[in-house]
Amino acid sequence: MEELVLNWFSQWGIFSIFLSILINIVISIFGVIPSFFLTASNITFYGFETGIFISYIGECLGAGMSFLLYRKGFKYVKHHVPSNSKYLNKLMRSKGKEAAILIVALRLFPFIPSGLINLGAALSKISTLHFTLASAIGKIPAMLIEGYSVKEVLSWEAEGKIALFIVSLMILMINWLIKRKRTDV
């Protein structure tokens, strides 16, 4: 996927910045697509600092757009969103400063998908302004951690990348087995 995005960037020239931001917005709206490949593409194409900055802008705009779309479209399913995360459930019941602090905190957890945070916030009583500010603040350290991690993985040899892929698959399989076992009980 990274190769495809890098090819697009080459073809779009200076407008590739807008393409990157647009892709990030689409990723945020779908809510389940990981953005690390786009961050890797941005870092590879633009360099570390500029790539991180473009990814940060795209993620902030994407969070805001998905928040607005989710708020408009999912208001009617507010009480039917399944969540086994006590923090996301708390976010959905919160408002004001409490919701903003939760959003900043949840953005720091790499295991909670950004789309779930956006959905939880859209179903809460937080204002658009507070959501936008909290997301922008929370995404700064999250983006730096993601960017540094991606930069390090990009510098690994093929063996390291394969080992990371295998470990990731094992974690996903263990997680799936645990969830399956819980539903069987």
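Worth saying up front: this structure is predicted, and the values here are computed from it rather than measured.
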Under the criterion side chain to side chain contact (heavy atoms under 4.5 Å, CB included), I'd like the reasoning laid out for Thr44 against Lys151: C-alpha separation, chi angles, the key distance, then a yes or no. CA-CA 8 Å; Thr44 301; Lys151 179 182 173 208; over 6 Å; no
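Val150 and Ile52 end up in the same hydrophobic cluster when Ile, Leu, Val, Met, Phe, Trp and Tyr side chains are linked at under 4.5 Å. Hydrophobic cluster membership differs between Ile17 and Leu22, with clusters built from Ile, Leu, Val, Met, Phe, Trp and Tyr side chains linked at under 4.5 angstrom. No continuous path of hydrophobic side-chain contacts links Phe131 to Leu129 [ILVMFWY only; heavy atoms under 4.5 Å]. Taken together through direct or relayed side-chain contacts under 4.5 Å among Ile, Leu, Val, Met, Phe, Trp and Tyr, Leu133 and Ile103 form parts of separate hydrophobic clusters. Note on Val26: it clusters hydrophobically with Phe18, by side-chain heavy-atom contacts below 4.5 Å among ILVMFWY residues.
His130 contributes atom NE2, which lies 11.5 Å from atom OG of Ser124 (distance to the nearest 0.5 angstrom). The distance from the CD1 atom of Ile145 to the NZ atom of Lys139 is 12.5 Å, given to the nearest 0.5 Å. If you take CG on Leu69 and CD1 on Ile25, they are separated by 10.5 Å, rounding to the nearest 0.5 Å. To the nearest 0.5 Å, atom CZ of residue Phe30 and atom CD1 of residue Ile27 are 10.0 Å apart. For the atom pair OG (Ser28) and CD1 (Ile23), the distance works out to 12.0 Å, reported to the nearest 0.5 Å. One distance of note links CD1 of Ile54 with CD1 of Ile57; it measures 9.0 Å at 0.5 Å rounding.
Here Asn118 pairs with Ser66, Arg107 under the side chain to side chain donor-acceptor pair (under 3.5 Å) rule; sequence neighbours left out. When the side chain to side chain donor-acceptor pair (under 3.5 Å) test is applied to Thr132, no partner is found at least two apart in sequence or on another chain.
Looking at Ser94 and Lys125, their side chains never come closer than 4.5 Å, going by heavy atoms from C-beta outward. Within the 4.5 Å cutoff, the side chain of Phe67 has no heavy atoms near those of the Tyr70 side chain.
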Extract all donor-acceptor atom pairs below 3.5 Å that involve side chains of residues 4-14 and protein atoms in other chains or at least two apart in sequence.
unit_1	atom_1	unit_2	atom_2	d
Ser10	OG	Leu6	O	3.0

Under 3.5 Å donor-acceptor pairs involving side-chain atoms of residues 31-40, not counting sequence neighbours:
unit_1	atom_1	unit_2	atom_2	d
Ser35	OG	Glu59	OE2	2.9
Thr39	OG1	Ser35	O	3.4
Thr39	OG1	Glu146	OE2	2.6

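Surrounding CZ of Phe48 are more than 12 heavy atoms belonging to other residues, nucleotides or ligands, all under 6.0 Å away.
None of Asn24, Leu61, Ile140, Asn42 except one satisfies the side-chain contact (heavy atoms from CB on, under 4.5 Å) rule with Tyr56; the exception is Ile140.
For residues 46-57, no residue pair satisfies the salt bridge (charged side-chain N to carboxylate O under 4.0 Å, His left out) rule, not counting sequence neighbours.
No side-chain donor-acceptor contact under 3.5 Å links Ser20 and Tyr46.
Between the Thr50 side chain and the Gly47 main chain, no donor and acceptor come within less than 3.5 Å of each other.
Here Ile101 is tied to no hydrophobic group at all, with no ILVMFWY side chain closer than 4.5 Å.
Here the closest heavy-atom approach between residue Leu108 and residue Pro141 is recorded as CD2-CG, 3.2 Å.
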